[in-house]
Engineer: 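Once you've had a glance at the structure underneath, I'll fire off some questions.
Order of the sequence lines sets the chain letters (A, B, ...), proteins ahead of strands, with each chain counted from 1. Quick caveat, the model's predicted, so the values are computed rather than measured.
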Amino acid sequence: MNFWLVKSEPDAYSYDKLEAEGRGMWDGVRNYAARNNLRAMKEGDQVLFYHSNIGMEVVGICQVAKEHYPDPTAESGDWSVVEVIPVRRIKRPITLKEIKATPELANIALIKQSRLSVMPLTAEEFEKILKMSK
DNA sequence: GCCAACGTTGGC
DNA sequence: GCCAACGTTGGC
């Protein structure tokens, strides 16, 4: 199993909305690095959901429910989506500030490549964030 | 609201 | 194929 972190501006698509809908299509990715990460996702992979701009914190966990297929919202180009289902909110949101202050998390792309919207996490990084939320 | 980072576009 | 200009993202 692999671990990921996805970012969304809650104004555009929030964890609340994913929970309300029960299932979400992760569309609109128009960045090759992010798209390639989407394509590497396998069903059952665990995905942290991060709110950018507003909140700037990890709020919950979701899971890949359907592997990548062509993005129906793309007018042209070779883009992909995956489908995700919510797993649970984490007990306490973990802010970007806390992530930055945690040495074990210093290498995640959230910090180094702030514009990447879909990024891999190691199992250790994933577990660390969950531990911090307790 | 500003600006740094960085990806993309287009002229040469 | 290089690189300057430009647009977008996202933190502050």
Engineer: Could you check whether A/K112 gets within reach of a base, just the sugar-phosphate, or nothing at all, counting any heavy atom under 4.0 Å?
Structural biologist: sugar-phosphate

Engineer: Carefully, step by step, assess A/W26 and A/F49 under the rule ring-ring contact (aromatic ring centres under 6.0 Å, His included).
Structural biologist: CA-CA 11 Å; A/W26 208 265; A/F49 196 121; 5.4 Å; yes

Engineer: With no hydrogens and no angle check, is any side-chain donor or acceptor of A/R30 less than 3.5 Å from a backbone partner on A/R35?
Structural biologist: no

Engineer: Using a 4.0 Å heavy-atom cut-off to protein, can you give one letter per nucleotide of nucleotides 5-11 of chain C, 5' to 3': B if the base is in contact, S if only the sugar-phosphate is, - if neither?
Structural biologist: --BBBBB

Engineer: Which other residues belong to the hydrophobic cluster containing A/Y32, where Ile, Leu, Val, Met, Phe, Trp and Tyr are joined when side-chain heavy atoms lie under 4.5 Å apart, directly or via other members?
Structural biologist: A/W79

Engineer: Are any side-chain N or O atoms of A/E98 and backbone N or O atoms of A/T95, one a donor and one an acceptor, separated by less than 3.5 Å?
Structural biologist: yes

Engineer: Can you find a side-chain donor-acceptor pair between A/S133 and A/R92 that sits under 3.5 Å?
Structural biologist: no

